[in-house]
Amino acid sequence: MDNFLKDVEIKLVALDMDGTLLNKKGQISDANRQAIKEAQEKGIAVVLSTGRSFHTSREHAESLELTSYLVTVNGSEVWDDKRQLVERNLVNSELIQWMWELTQQHQTKFWAISTERSWHNEMPEDLHSIEWLKFGFTIDDDATRELIKQELEAKGEFELTNSTLKNIEVNPQGIHKAKGLRMVCSRLGIEMKNVMAVGDSMNDLMMIKEAGIGVAMGNAQDIVKEFADWITSTNEEDGVAKAIYKWVL
């Protein structure tokens, strides 16, 4: 496998944030910073591809002095190098209301991301006056989580992933990080085979499958490791830096 991958020319590195680029404290290690800096100096585009909103990922992009695109909210939004919006995919507010009612029915925690801010376990009075990008459920009980997942699947309207084993992330159908990255690649004139994607959770699976080199973190969920081309160290052990030095630099 390693020899086959060595022939892949990487022109873009796509990095998930939580559980991947960031450690448990939500910080970027010095080793990860240095590897990203060296990759950019070599002309490699480094793109944050995250479930987070633009508002909660932008400062990390700025602290890394990233000069490329951002893929946010699992691909619901794509931002260019000037931080101008390129694409946005909304969830219908009627569906947001239906999901919020599910959380009330099953008494689960939830969060939601609008174009303006994130909401945690509370919703605005008029949720139909707001543009929504993603809805998330946090469910400790496995049986309840499975039940809600089945109800969501039955709707046939959603892309369902997770960012931890306890949650469900809901985007519009067909919207995921790989779709966002495809758009970035087309604008940069490169192909998905020239991408190295690094992640740890189900919301990273599509980009890991489609990238020329898909890298799972050492702390990744088993299914992500199963589909990855290579497994690096954990997010506490500079796994991103190790992947960049092995496959890009």
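Side-chain atoms of Leu205 and Phe227, non-hydrogen and from C-beta on, do get closer than 4.5 Å to each other. You'll find the side chain of Lys166 reaches within 4.5 Å of the side chain of Arg145, heavy atoms only. Using a 4.5 Å cut-off on side-chain heavy atoms (C-beta onward), Ile208 and Val215 make no contact. The side-chain heavy atoms of Asn89 and Leu133, taken from C-beta on, include no pair separated by under 4.5 Å. Between Val78 and Val184, some side-chain heavy-atom pair lies under the 4.5 Å cut-off. Taking the side chain as every heavy atom from C-beta outward, Ile139 and Asn167 never approach each other to under 4.5 Å. In this structure, the side chains of Val47 and Leu15 stay at 4.5 Å or more apart for every pair of heavy atoms. Side-chain contact check for Phe137 versus His106: every heavy-atom pair is 4.5 Å or farther apart.
Residue Glu62 qualifies as enclosed at atom CD: its count of foreign heavy atoms under 6.0 Å is above 12. Within a 6.0 Å sphere centred on CD of Glu146, heavy atoms belonging to other residues, nucleotides or ligands number more than 12. No more than 12 heavy atoms of other residues, nucleotides or ligands lie within 6.0 Å of CH2 in Trp100, so this atom counts as exposed by the packing criterion. The local environment of CG in Asp30 is sparse, with at most 12 non-hydrogen atoms from other residues, nucleotides or ligands closer than 6.0 Å.
Using a 3.5 Å distance cut-off with no hydrogens or angles, the side chains of Asn219 and Glu237 do not pair a donor with an acceptor. Side-chain contact of Glu38 with Gln34: a donor-acceptor pair under 3.5 Å is present, judged by distance alone. In this model, a donor atom of one side chain and an acceptor atom of the other lie less than 3.5 Å apart for Ser63 and Arg33. Side-chain polar atoms of Lys242 and Ser233 form a donor-acceptor pair below 3.5 angstrom. If you check the side chains of Thr20 and Asp200, you find a donor sitting under 3.5 Å from an acceptor.
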- Query: Would Met99 and Val91 count as a side-chain contact (heavy atoms from CB on, under 4.5 Å) if you check the C-alpha gap in whole Å, the side-chain angles of each, and the deciding distance to 0.1 Å?
  - Reply: CA-CA 11 Å; Met99 287 188 276; Val91 183; 4.2 Å; yes

- Query: Please walk me through it: do Val71 and Leu48 pass side-chain contact (heavy atoms from CB on, under 4.5 Å)?
  - Reply: CA-CA 6 Å; Val71 174; Leu48 297 183; over 6 Å; no

- Decide side-chain contact (heavy atoms from CB on, under 4.5 Å) for Leu66 and His60; before the verdict, give the C-alpha distance in whole Å, the side-chain angles of both, and the deciding distance to 0.1 Å. CA-CA 9 Å; Leu66 297 186; His60 288 290; over 6 Å; no

- Message: Run the side-chain contact (heavy atoms from CB on, under 4.5 Å) test on Val170 and Lys134 for me, step by step, so that the C-alpha distance in whole Å, both residues' side-chain angles and the decisive distance to 0.1 Å come before the verdict.
- Response: CA-CA 6 Å; Val170 186; Lys134 183 172 85 166; 5.6 Å; no

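The pair Glu87-Lys179 meets the salt-bridge criterion, with a side-chain N (NZ, NE, NH1 or NH2) lying under 4.0 Å from an Asp/Glu carboxylate O. Between Glu153 and Lys149, at least one side-chain N (NZ, or NE/NH1/NH2) sits under 4.0 Å from a carboxylate O, which counts as a salt bridge. For the pair Arg117 and Glu122, the salt-bridge criterion is met [side-chain N within less than 4.0 Å of a carboxylate O].
Contacts classified as side chain to side chain donor-acceptor pair (under 3.5 Å) and involving residues 39-50 (residues at least two apart or in different chains) are given here: Lys37-Glu41, Gln40-Thr67. Residue pairs meeting the side chain to side chain donor-acceptor pair (under 3.5 Å) criterion with at least one partner in residues 68-83, sequence neighbours excluded, are Tyr69-Arg187, Thr72-Glu77, Thr72-Trp79, Asn74-Glu169, Asn74-Asn171, Asn74-Asn203, Ser76-Asn171, Glu77-Trp79, Glu77-Arg88.
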Please tabulate, one pair per line, all N/O donor-acceptor pairs under 3.5 Å involving side-chain atoms of residues 191-199, not counting sequence neighbours.
from, atom 1, to, atom 2, distance (Å)
Asn194, OD1, Glu191, N, 3.2
Asn194, ND2, Glu9, O, 3.0

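Of the possible donor and acceptor atoms, none in the side chain of Asp238 sits under 3.5 Å from a partner among the backbone N and O of Ala241. Judged by distance alone, with hydrogens and angles left aside, the side-chain atoms of Asn121 form a donor-acceptor pair with the main-chain N or O of Phe110 at under 3.5 Å. Side-chain atoms of Arg52 do not come within 3.5 Å of backbone N or O of Ser57 as any donor-acceptor pair.
Aromatic pair Trp119/Trp111: centroids not less than 6.0 angstrom apart.
Separation of atoms CD1 (Ile168) and CD (Glu151) is listed at 10.5 Å; rounding is to 0.5 Å.
The side-chain contact (heavy atoms from CB on, under 4.5 Å) test with Gln97 is passed by exactly one of Leu127, Leu102, Asn92: Leu127.
Hydrophobic clustering (side-chain heavy atoms under 4.5 Å, transitive across Ile, Leu, Val, Met, Phe, Trp, Tyr) groups Leu249 together with Ile10.
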